[in-house]
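Read through the structure below, which is laid out as structure tokens, and then see the notes.
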Amino acid sequence: MKTRGQVTRFTLLLLGVVVLLNLVGTQFKFRADFTGDDRYTLSPATRDLLETLPEAVTVTAYFTEQLPPEFALTRQEFKDLLIEYAERSDGNLVFEFIDPNTDEKTEEEALQAGIRPLLVNVRDKDKAEQLKAYMGAVVKMGELTTTIPVVQPGTAMEWALSSSIKQVSVSEKPVIGLVQGHGEPSMGEITQALQGLNVLYNIQHFTFWDTLPVNDHFAALLLINPSDSFPANHLHWLDDYLARGHGVVVAYNAVSSDLGASPMADVKQGPFTQWLARHGIRVAPTVVTDAQCGQVQVMQQRGYFSIQTAMAFPYFPLISGDGFGDHPVAAGLEAVIMQFASPMDHIGDSSVTWTPILRTSAKSGALPAPVYIDAQKQWTDADFPVGHQTIGVALEGAFGPGAQAARMVVFSNGSFAVNGQGERMQQVNPDNVNLLVNAVDWISDETGLIELRNKGINYRPIEKLSDTKRNSVKWINLLLPVGFVVLYGIFRAQWRRRQRAQRMLPGHVR
């Protein structure tokens, strides 16, 4: 048996080791991230951004101090993220937290900075109240300032913070030309996409000149849903622009449809379709249908009343899961809804790399145009015999003899990120917008921050178990603890029996 002196020395040694470990920990910090999506690990793009800051960045976080638990957790996560940024930047990032609810002057300062208050429900002494809560930040470098109006729970905090830092650290943003002149939507019709693009780019209208090439001032061109014919000389200058190594994003409605005016959908076969074919992209003269699809509101008669009912609409394929290709443009996306898309095939040579970005589900079909759209149609599995079909593709290589390497992204639906205008304006699915912005990032070679845009806390449901597995887990949970207790009892009884036997031996010293 151990003497009292041995026990004292062991205790002092243990305390010394603990103190030493704490002293080492204050000098060398280490943190392990065991989350499946690396939620608490800074991306290489963020680390590179922080290591190359031209000067110090100041982040002023306007957060209400007394927040409900779910919002207080967001505040703590944002603070932990700022601590990580400050350490990675070698002191080039400093931050402070200010509570705008302390006085009117501070609150007015937050409002003028662009911080947007939220009304959150709180309970105080069994009474429900609404609290004006602030959860935003102002990022400043030199004379440049940008604002994160609201840090919502579950959002991509690293994207919001890193993109804001990049926004203030870049004195001149790359210019993206939004092509006009062929019936394309204006900036006022793509408000959501414009909001996402304006973070890193300067978006300007661009119109082709009949006799002049595209100016190198434009880092890339964005061509969305041209509805009118494309003149041959404009296509020539588009070829010339690609040959000089610039990128182009094409969202082209290969199917002409206007359900508000006619139930017919027809494929457009014109100069632009032929131009795509010259670059190895064949757009099939069919309309994609998919059992995995979005919904539309349909008026149905119920007795004397007409009510709106949400119905599956296979002409709006829903892309998710393995429908996204292994490519930066599809990074982090969860659900994209396309509208009246057409399948695309590769008919080019090996000089251009072809990578599918979006594919329909295994249960999809293709209807030859023209198609009569019947919202009341009852669909069966027999209507989806084709399987996976490509409706979005990324191309990289030399587009023509002697051309420089360039990038192009093509979608066979032009309206997936268009809000519209007037009474027909509507909200667009967020991942549709992210898809378009990711495509512009990739062709502009700004791929570093792509993966951050969708790096949030995603809904990850628990995997469903079969009845057999569920019963097995239940009995394991019930019997395993009991088994451990029984084994411990047996082991302890044997150990005590050996102790008693040793004490009865001659010469045993207590």
Side-chain angles (χ1 to χ4, degrees), residues 1-44 46-47 66-88 123 126 153-158 321-322 326 332 334 451 454-510:
M1 295 182 66
K2 294 183 179 179
T3 64
R4 181 176 297 178
Q6 289 176 320
V7 172
T8 302
R9 287 194 295 272
F10 177 78
T11 303
L12 292 174
L13 180 62
L14 181 61
L15 289 174
V17 171
V18 171
V19 171
L20 182 61
L21 288 175
N22 276 276
L23 290 173
V24 172
T26 58
Q27 299 296 323
F28 305 97
K29 297 183 179 180
F30 173 77
R31 187 175 70 173
D33 184 358
F34 295 104
T35 57
D37 53 0
D38 293 331
R39 188 177 305 157
Y40 303 110
T41 301
L42 297 185
S43 70
T46 294
R47 294 198 294 268
Q66 300 299 326
L67 288 169
E70 64 272 21
F71 294 99
L73 179 61
T74 301
R75 182 185 189 277
Q76 187 58 48
E77 288 180 347
F78 193 67
K79 186 174 184 179
D80 291 342
L81 187 64
L82 284 172
I83 292 172
E84 189 82 8
Y85 272 55
E87 292 176 352
R88 286 283 184 178
R123 296 192 66 86
D126 297 329
T155 56
M157 290 185 189
E158 188 179 346
D322 60 358
D326 184 15
E334 291 198 342
E451 62 184 26
N454 305 291
K455 185 179 177 181
I457 300 176
N458 300 321
Y459 171 64
R460 301 181 185 276
I462 298 175
E463 181 183 354
K464 291 184 179 180
L465 300 177
S466 63
D467 291 340
T468 303
K469 287 185 177 180
R470 189 181 298 109
N471 289 330
S472 300
V473 172
K474 180 178 68 176
W475 284 109
I476 289 173
N477 288 337
L478 178 65
L479 299 177
L480 193 61
V482 176
F484 276 126
V485 171
V486 171
L487 289 174
Y488 174 75
I490 294 172
F491 172 78
R492 184 172 176 80
Q494 291 178 346
W495 176 69
R496 294 296 297 248
R497 190 179 299 113
R498 286 196 299 270
Q499 272 196 328
R500 287 195 297 269
Q502 289 176 357
R503 290 170 183 165
M504 295 175 65
L505 293 174
H508 177 74
V509 180
R510 292 188 178 184

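Just so you know, these numbers come straight off a predicted model, no measurement behind them.
- Of all heavy-atom pairs spanning Y85 and E158, the tightest one is OH-CG, 3.2 Å.
- By the side-chain hydrogen bond (donor to acceptor under 3.5 Å, both in side chains) test, Q76 pairs with D80, sequence neighbours left out.
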If you look only at distance, which donor and acceptor atoms sit under 3.5 Å apart when one is on a side chain in residues 472-493 and the other is two or more places apart or in another chain?
residue : atom : partner : partner atom : Å
S472    : OG   : T468    : O            : 2.9
N477    : ND2  : V473    : O            : 3.3

